[in-house]
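First comes the structure, then the notes that go with it.
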Amino acid sequence: MTTAIGKEKLLRMYRQMVSIRLFEEQVNELYTRALMPGLAHLYIGEEAVAVGICEALRSDDYITSTHRGHGHCLAKGAAPDRMFAELLGKRAGYCKGKGGSMHIADPDTGNLGANAIVAGSVGIATGAAFSSKHLGNGRVAVCFFGEGALGQGVVYEEMNLAQLWKLPVIYVCENNLYTEYTHFSETTAGDILQRATAFGVRAERVDGQDVRAVYSTANELIERARRGDGPAFLLCDTYRYTGHHVGDINRDYYRAKSEEQHWKSDRDPIKIFTEHLISEKIAEQTSLEKIQTEVATQMKSAVEFAVNAPYPGAEEVDQDVYA
Amino acid sequence: MPEMIATRELTLAQAVREALAEEMRRDSTVCIFGEDVAEAGTPFKVLSGLVEEFGTNRVIDTPISEAGFTGVAVGAAMTGMRPIADIMFGDFLTLVMDQMVNQAAKVHYMSGGKWKVPMVMRTTLGATRRSAAQHSQSLHAWFSHVPGLKVVLPSTPYDAKGLLKTAIRDDNPVVFFEDKMMHHKLKGPVPVEEYTIPFGVADIKREGDDITLIGTSSMVQIALGAAELLAEAGISAEVVDPRTTWPLDEKTLIDSVKKTSRAIVIDEGYGRYGVTSEIAAVIAQGAFYDLDKPVMRMGAMHVPIPFSPPLEDLTVPTEKSVFEAAQALCR
Ligand SMILES: Cc1ncc(C[n+]2csc(CCOP(=O)(O)OP(=O)(O)O)c2C)c(N)n1
């Protein structure tokens with residue numbers, strides 16, 4: 001079931017998905033050109049999840065994100081230039097270069113931060129939902145995590161608390177089938193949704209490659225949480241096209257090329273959405289191409305900004321340890 | 001202690017409760033999470049009466065999920081609350097390490113100073129309660145080791161109240177350790193007027209000339225008892241209480257040892273790689289040329305705390321053992 005979504009919103013979703021895709025392609029490029037320190041975990045293939053959910057949020061709603069977090073940050077409204085700057089460890093980055101790829105945080109867009117501890121932000125998101133309820137500001141917190149986080153006990157402690165206290169938090173599980181290099185079936189016993197429903201948490205499963213489906217389901221769960229009806233768990237079936245991180249090139253030992261090909265040709269979220277926009281006469285190919293060109297230009301200049309931006313000064317190393 | 005106009009004697013538990021109540025009255029974003037904190041007022045009965053005044057919306061009984069409610073405290077602190085997470089026995093801190101070390105301590109720095117985590121974790125330390133190895137440890141050194149956290153170890157009701165109020169108002173995660181043996185046994189004067197005590201300011205609990213006894217938490221009381229015995233033996237001991245292990249008032253510690261030329265550091269955590277080691281190193285660096293004897297350290301024996309009373313009593317410093325060690329150093 002998908003609710004009617006206005007044209008402007010649909011085109012915005014399209015632009016956001018393309019932005020994430022092209023942002024990540026640039027990240028990979030920066031890595032291969034040896035311009036980026038460290039590694040990055042790309043979100044390519046999963047764009048519909050972040051966009052579908054964040055488009056259903058208010059700008060003052062909260063998110064927490066993961067090591068694979070660029071998509072969540074962009075979808076919640078972060079600017080690519082300051083994100084690239086952060087990835088390169090530059091002063092102009094969202095965290096003054098102190099966080100890097102896995103820790104982008106931005107109070108202005110309600111981004112409580114990306115977390116490099118698997119399941120590390122489940123408590124933070126639940127706590128933000130506690131504040132919302134206590135302060136009565138109507139905000140909802142969305143906690144993104146991969147299916148790998150299901151192995152962490154704290155997830156269940158938080159779902160129990162959230163349901164007991166009817167907190168406005170949505171736990172979004174992005175099942176991209178693999179943790180690092182292990183298929184989720186080897187690490188996950190039983191039924192995932194039942195892990196949530198056992199606590200009385202409302203649980204839904206959605207095709208994570210269909211941005212309209214993600215949006216509609218998220219919208220319902222988010223508004224339900226905002227009304228005070230409690231937390232929800234949303235399982236999104238998706239796939240990461242590239243390696244666990246940019247350096248994970250040879251993947252034969254844990255998954256087949258044919259499987260990757262299948263997702264790319266038949267299950268691509270941008271393709272699926274494009275077909276919908278065109279067949280429903282919401283947009284024409286040319287106008288979508290125009291969006292792509294605009295985004296590509298934006299990403300290029302964002303990268304340029306970041307490459308040319310200065311590093312933080314040595315005097316900054318021990319600043320911000322304490323507030 | 002500064003001059004007080006009106007004081008009364010309070011137990012450490014009463015002082016803690018008064019600090020909490022005052023701060024909760026002053027600031028509606030202060031709330032308490034923990035196991036059996038509401039109607040039960042904790043198993044130590046430190047919080048008795050708070051739920052009656054502030055209600056179950058602010059004095060919140062949680063499931064037995066230390067990591068879970070600490071995580072909630074971190075997130076709530078980032079988004080407008082000033083939560084206090086109550087960890088019943090300090091031994092259970094093992095269960096909150098990720099929330100405190102990887103989350104609370106990192107958020108401010110990792111976000112380039114954008115998010116803050118104004119939370120307090122109240123917990124306990126201390127042996128000799130006949131509670132055996134999983135209810136007796138003093139694990140404050142672990143937290144003192146981590147940048148981003150502040151660690152408070154009050155030794156008197158007066159300090160407990162003033163430091164806890166400062167902790168609640170601080171914009172950083174603060175871990176506040178109370179010796180559970182002092183909760184109801186230790187009484188002391190506490191002003192009626194409001195006051196706070198800044199972090200990073202050591203307090204000279206007793207002045208002396210021959211030796212400095214640096215103590216933390218209940219070991220300050222042990223040091224004061226030893227100082228009394230030493231006075232009878234003609235030795236004048238100065239007792240210094242750093243009050244916070246981080247930030248650490250290095251100057252007051254060093255200045256005292258420069259004056260006395262001898263020092264013993266006494267702390268109930270494990271001696272190995274512990275608070276005593278750190279403070280001894282600070283003194284060795286800062287007062288090396290003024291020392292007449294090597295700095296001595298006295299901490300918990302390097303064993304899990306045993307149950308059997310005669311064994312348990314061997315594991316922690318006592319007035320007698322501190323007295324004897326000090327006497328030997330002054331010989
Ligand atoms: C507590 C913890 N354990 C292990 C790791 C190392 N690690 C980083 S990502 C990852 C896999 C995570 O898988 P999943 O949660 O499904 O997210 P995905 O990478 O698939 O998006 C692991 C094991 C970590 N960062 N944190």
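Per chain, numbering begins at 1; letters A, B, ... match sequence-line order.
- By number of non-hydrogen pairs under 4.5 angstrom with chain A, the leading residue of B/Asp171, B/Val74, B/Asp98 is B/Asp98.
- B/Tyr109 places none of its side-chain heavy atoms less than 4.5 Å from the side chain of A/Gln319.
- Within 6.0 Å of atom NZ in B/Lys251, 12 or fewer heavy atoms from other residues, nucleotides or ligands are found, so the atom counts as exposed in its surroundings.
- Of all residues spanning residues 122-160 of chain A, those with a heavy atom less than 4.5 Å away from chain B's heavy atoms are A/Gly123, A/Ile124, A/Thr126, A/Gly127, A/Ala128, A/Phe130, A/Ser131, A/His134, A/Leu135, A/Val154, A/Glu157, A/Glu158, A/Asn160, arranged by number.
- Contact annotation for residues 90-97 of chain B against chain A (heavy-atom separation below 4.5 Å): no residues qualify.
- For A/Leu167, no part lies near chain B; criterion is any non-hydrogen pair under 4.5 Å.
- Proximity to chain A among residues 141-155 of chain B is limited to B/Val146, B/Pro147, B/Gly148, B/Leu149, B/Lys150, judged by heavy-atom separations below 4.5 angstrom.
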Apply side chain to side chain contact (heavy atoms under 4.5 Å, CB included) to the pair A/Leu112 and B/Met78, showing each step before the final yes or no.
CA-CA 8 Å; A/Leu112 291 162; B/Met78 291 170 70; 3.8 Å; yes

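- The shortest non-hydrogen separation linking B/Trp115 to A/Asn111 is NE1-O, 3.0 Å.
- When each of B/Asp170, B/Ile60, B/Thr70, B/Ile64 is checked for heavy-atom pairs under 4.5 Å with chain A, B/Ile60 comes out on top.
- At least one donor-acceptor pair under 3.5 Å links the side chain of B/Asn172 to the backbone N or O of A/Ala323.
- In this structure, chain A has a heavy atom under 4.5 Å from the backbone of B/Ser28, while its side chain stays farther away.
- The greatest number of non-hydrogen atom pairs below 4.5 Å with chain B, out of A/Asp108, A/Ile104, A/Val317, is found for A/Val317.
- For a heavy-atom cut-off of 4.5 Å, chain B lies close to A/Tyr62, A/Arg82 in residues 59-87 of chain A.
- Per-residue counts of heavy-atom pairs under 4.5 Å with chain B were compared for A/Asp318, A/Asp320, A/Asp106; the largest is that of A/Asp320.
- Under a 3.5 Å cut-off, the side chain of A/Lys96 and the backbone N or O of B/Gly112 do form a donor-acceptor pair.
- Heavy atoms only, all atoms of each residue included: B/Ser111 and A/Cys95 are closest at C-CB, 3.6 Å.
- Heavy atoms closer than 4.5 Å to chain A are found nowhere in B/Ala73, neither backbone nor side chain.
- Within the model, atoms NZ of A/Lys98 and NZ of B/Lys114 stand 11.5 Å from one another, a figure rounded to the nearest 0.5 Å.
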Worked verdict on B/Thr62 versus A/Leu164 for side chain to side chain contact (heavy atoms under 4.5 Å, CB included):
CA-CA 9 Å; B/Thr62 66; A/Leu164 281 171; over 6 Å; no

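- Crowding of B/Gln134 atom CD: a count of heavy atoms from other residues, nucleotides or ligands under 6.0 Å not exceeding 12.
- Contact of B/Lys116 with chain A is made through the side chain alone, with heavy-atom distances under 4.5 Å.
- Proximity of B/Gln103 to A/Ile117: side-chain heavy atoms (C-beta onward) are separated by under 4.5 Å at one or more points.
- Counting heavy-atom pairs under 4.5 Å between each of A/Gly120, A/Ala114, A/Gly99 and chain B puts A/Gly120 at the top.
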